[in-house]
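Input: a single structure, listed below in structure tokens.
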Amino acid sequence: MSLLGRIRRPADLHSLTGPELEVLAKELRDYLVDSVSKTGGHLGPNLGVVELTLAIHRVFESPRDRVVFDTGHQSYVHKLLTGRQDFADLRKRGGLSGYPSRAESEHDIVENSHASTALSWADGIARAHEISGQKDRHVVAVIGDGALTGGMAWEALNNITEAQDRRLVIVVNDNGRSYAPTIGGFAHHLDALRTARGYEKVLGWGKRALQRSGPPGRMTYDALHGFKKGVKDVIAPQGMFEDLGMKYIGPVDGHDLAAMEFALRRAKAFGSPVIVHAITEKGRGYTPAMEDVADRFHAVGVIHPETGLPVAPSRFGWTSVFAEEIVEIARKRSDVVAVTAAMLAPVGLAPLAEELPERVIDVGIAEQHALTSAAGMAFAGLHPVVALYATFLNRAYDQLLMDVALHRAGVTIVLDRAGITGDDGASHNGMWDLALLRTVPRLRLAAPRDEETMRTELREAVDVDDAPTVVRYPKGALPEALPAIGHEGTVDVLARTAGDGGARVLLVGVGAMAHTAVAAAAALGAQGIGSTVVDPRWVLPVSEDLLDLAAKHDLVVVVEDGLGTGGIGSAVRDALAQAGHAVPVQTHGLPHEFLDHAARPQIVEQYHLQAQDVARQAAGAVAALTSDAEQPLGQPAERDTRP
Ligand SMILES: Cc1ncc(C[n+]2csc(CCOP(=O)(O)OP(=O)(O)O)c2C)c(N)n1
Ligand SMILES: CC(=O)[C@@H](O)[C@H](O)COP(=O)(O)O
Ligand SMILES: [Mg+2]
């Protein structure tokens with residue numbers, strides 16, 4: 001049996017010798033490459049934390065001691081060491097989550113994959129231990145250099161540095177990269193520390209020399225302290241953390257298991273907050289990852305393990321269209337700049353950065369800063385295009401509301417991965433943006449349904465200079481083109497199906513759900529129910545053209561890949577009521593639940609967002625209307641003139 005096969009819980013690690021641990025580290029890497037190449041996942045980050053995670057679980061006693069991972073995409077090794085060794089269905093329904101999951105294990109704590117939260121979690125848990133007198137329990141937070149560029153991390157550090165009795169060890173997993181090399185002053189300071197590898201060696205030599213000089217005493221202590229200060233000032237300027245009042249151990253070779261264990265045992269013995277600065281390599285031990293200049297195999301699809309090459313072509317068609325169109329736009333508009341929050345390639349800004357590097361700004365994992373600095377850029381005459389994953393906009397809602405919208409700033413926000421992302425789990429679905437953005441005054445939101453509308457709406461968005469504009473689209477492959485067959489003002493008409501003269505349904509497809517709406521119309525037509533299918537394109541605010549069209553129908557059905565209540569369907573309902581129209585609105589969207597990780601089609605089916613489900617429910621509503629109708633349906637509803 002392999003050594004990995006013998007590990008059922010962290011305590012099983014204690015019996016292993018140094019050489020056995022090296023063998024285990026190799027087995028872990030081999031398992032990760034073999035398994036994640038079949039399923040896809042965060043291969044690079046996990047290859048970089050093998051020794052670090054082994055050391056944590058040898059020094060600390062999870063789950064009595066708490067281990068918190070920032071973002072959590074690098075927790076596969078932790079899972080393998082805590083009783084979960086079947087990754088065959090990683091990120092698939094019924095399989096392991098790609099992030100920590102309390103349902104899977106008592107060793108898992110933070111399920112939220114939004115970066116920079118771990119130190120706050122850890123501070124909270126450690127405070128609770130402190131307040132409740134559990135002084136022998138430790139909390140370990142693993143945070144990447146990228147996540148350290150997020151503001152929350154510094155809010156937490158500000159609360160941690162003054163603590164004396166808080167048993168909190170912060171392991172900075174410093175591989176110098178988010179996806180791309182990490183940007184900013186803190187990253188450069190970590191660089192300075194990182195290059196001071198000699199610091200520990202020189203310090204170790206000094207200690208041994210002084211200890212040889214005679215019995216430890218005051219002189220020895222003073223001499224050692226003076227020597228250490230000299231070494232630090234010369235070799236390892238550690239101001240940032242020490243100026244914060246944080247004890248700091250490092251830089252430590254994060255792939256040297258003995259050194260990591262030694263550092264962690266020292267940190268554990270401190271009994272107060274301390275930083276262990278581990279230097280690691282993302283993708284360590286797997287040549288294709290190490291040679292991946294873009295992002296060291298940060299998040300891969302299914303790949304050939306021997307070469308690392310993708311088995312299937314690129315998975316991100318919508319992103320590719322944005323990548324092309326933003327370059328075209330920037331070539332014509334010198335005021336347009338693009339902003340990314342440490343996700344240059346994933347959001348599609350690499351081609352623009354290649355051609356016009358001075359027009360692309362990477363702010364680190366700092367969406368709040370991205371939005372407010374964009375308001376500043378707009379104020380000073382630029383038109384910023386902030387490209388994010390939809391779910392990460394949640395974090396910058398206040399900045400969008402009070403810095404961008406309140407000041408009528410011409411900022412365009414491009415939301416990729418809107419709707420259901422699926423395999424990345426609950427905190428990655430881009431399902432809150434439509435409901436959230438309804439609340440932002442003056443904001444205009446477009447949801448393209450195909451490549452042509454995407455290009456058009458992007459260009460329209462950057463032409464608005466007195467309000468925030470948003471263009472949002474899903475993860476994955478582009479759908480077929482869906483040309484309009486006509487227009488009702490600004491509203492694209494996609495299909496009209498005759499019925500038997502009874503109720504007429506207006507089907508509104510939001511963005512990519514327009515394809516579902518067209519298919520649902522065909523299913524309704526087969527039942528003799530006539531309908532008109534439209535794509536409003538700019539779905540917020542609800543347009544007069546859409547309201548006028550709705551008023552001529554007996555039922556409005558809105559299909560959207562966002563929250564089913566509070567989203568576009570609700571906006572249409574409220575606008576119709578405000579305009580005095582009594583047309584009922586049926587909304588098809590996502591539930592107010594956190595969706596488990598699963599493939600996108602499985603979630604679409606589970607929440608009845610398929611065409612036949614939409615048609616079935618719409619037909620039901622028509623039947624109910626018909627049976628209740630006092631006048632034959634299909635006549636335009638009288639405008640309700642009640643005051
Ligand atoms: C708020 C937020 N923004 C963006 C992301 C996307 N994201 C996931 S991991 C990652 C890079 C993290 O870098 P680091 O913390 O250094 O961890 P590493 O991958 O290097 O181990 C980013 C930007 C996220 N998860 N959360
Ligand atoms: C952990 C994280 O937030 C990202 O790595 C995300 O998992 C990438 O998602 P895509 O694979 O959809 O780009
Ligand atoms: Mg990193």
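Indexing begins at 1, ligand by ligand and atom by atom, following the structure's order.
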| task | Please confirm whether the backbone N or O of A118 pairs with a side-chain atom of D70, one donor and one acceptor, at under 3.5 Å? | result | yes

Do [X] and [Y] have side chains that approach each other closer than 4.5 Å (heavy atoms only, starting at C-beta)?
X    : Y    : result
I160 : I170 : yes
E104 : R84  : yes
S373 : M377 : yes
L388 : L415 : yes
L168 : R66  : no
L24  : L4   : yes
R395 : Q368 : yes
E261 : L21  : yes

Numbering the atoms of ligand 1 from 1, which are under 4.0 Å from a heavy atom of [X]?
X    : answer
G144 : 14 (P), 15 (O), 16 (O)
D145 : 16 (O)
H73  : 9 (S), 17 (O), 18 (P), 19 (O), 21 (O)
H298 : 9 (S), 10 (C), 11 (C), 19 (O)
N173 : 21 (O)
N175 : 18 (P), 20 (O), 21 (O)
M343 : 4 (C), 6 (C), 23 (C)

In the protein, which heavy atom is nearest to [atom], and how far is it?
atom                    : value
atom 10 (P) of ligand 2 : R417 NH2, 3.6 Å
atom 22 (C) of ligand 1 : Y179 CE1, 3.7 Å
atom 14 (P) of ligand 1 : G146 N, 3.5 Å
atom 13 (O) of ligand 1 : S178 CA, 3.4 Å
atom 23 (C) of ligand 1 : I365 CD1, 3.5 Å
atom 3 (O) of ligand 2  : H428 NE2, 2.7 Å
atom 26 (N) of ligand 1 : A115 N, 2.9 Å
atom 25 (N) of ligand 1 : S113 O, 2.8 Å
atom 1 (C) of ligand 2  : Y99 OH, 3.2 Å
atom 1 (C) of ligand 1  : R395 NH1, 3.3 Å
atom 13 (O) of ligand 2 : Y389 OH, 2.5 Å
atom 15 (O) of ligand 1 : A147 N, 2.8 Å

Under 4.0 Å from a heavy atom of [X]: which atoms of ligand 2 are those, numbered in the order shown and with their elements?
X    : result
H298 : 5 (O)
D424 : 6 (C), 7 (O), 8 (C), 9 (O)
K475 : 10 (P), 11 (O), 12 (O)
F392 : 3 (O)

| Does an N or O from E367, backbone or side chain, lie closer than 3.5 Å to an N or O of ligand 1? | yes

| What about H428: any of its N or O atoms under 3.5 Å from an N or O on ligand 1? | no

| said: Let me check your reading of the structure: within less than 2.8 Å of the Mg ion (ligand 3), is there an N/O/S atom from R177? | reply: yes

| query | the Mg ion (ligand 3) as vertex, arms to OD1 of D145 and OD1 of N175: angle to 10°? | reply | 80°

Could you tell me whether the side chains of [X] and [Y] share a donor-acceptor contact shorter than 3.5 Å?
X    : Y    : answer
D108 : Y99  : no
H277 : Y248 : yes
S120 : D123 : no
Y397 : T439 : yes
H114 : S427 : no

| task | Test the R417-F316 pair against the cation-pi criterion, namely NZ or CZ under 6.0 angstrom from the six-membered ring centroid and within 45° of the ring axis. | result | yes

| query | Quick one: does Y179 get an N or O within less than 3.5 Å of an N or O on ligand 2? | reply | yes

| said: Is there a polar contact, in the sense of an N or O pair closer than 3.5 Å, between H73 and ligand 2? | reply: no

Is the closest heavy-atom distance from [X] to ligand 2 below 4.0 Å?
X    : value
H114 : no
H42  : yes
T421 : no

| Heavy-atom nearest neighbour of atom 19 (O) of ligand 1 within options K282, H114, M152 | K282

| Of L436, L371, V470, which is the lone residue that meets side-chain contact (heavy atoms from CB on, under 4.5 Å) with L393? | L371

| message | Run the salt bridge (charged side-chain N to carboxylate O under 4.0 Å, His left out) test on R472 and D561 for me, step by step, so that the C-alpha distance in whole Å, both residues' side-chain angles and the decisive distance to 0.1 Å come before the verdict. | response | CA-CA 11 Å; R472 56 99 70 180; D561 53 352; 2.6 Å; yes

| query | Under 6.0 Å between ring centres, would you say that holds for H73 and H298? | reply | yes

| query | Can you find a non-hydrogen atom of Q74 under 4.0 Å from ligand 1? | reply | no

| message | Walk me through whether Y607 and I420 qualify under side-chain contact (heavy atoms from CB on, under 4.5 Å). | response | CA-CA 11 Å; Y607 293 108; I420 302 165; over 6 Å; no

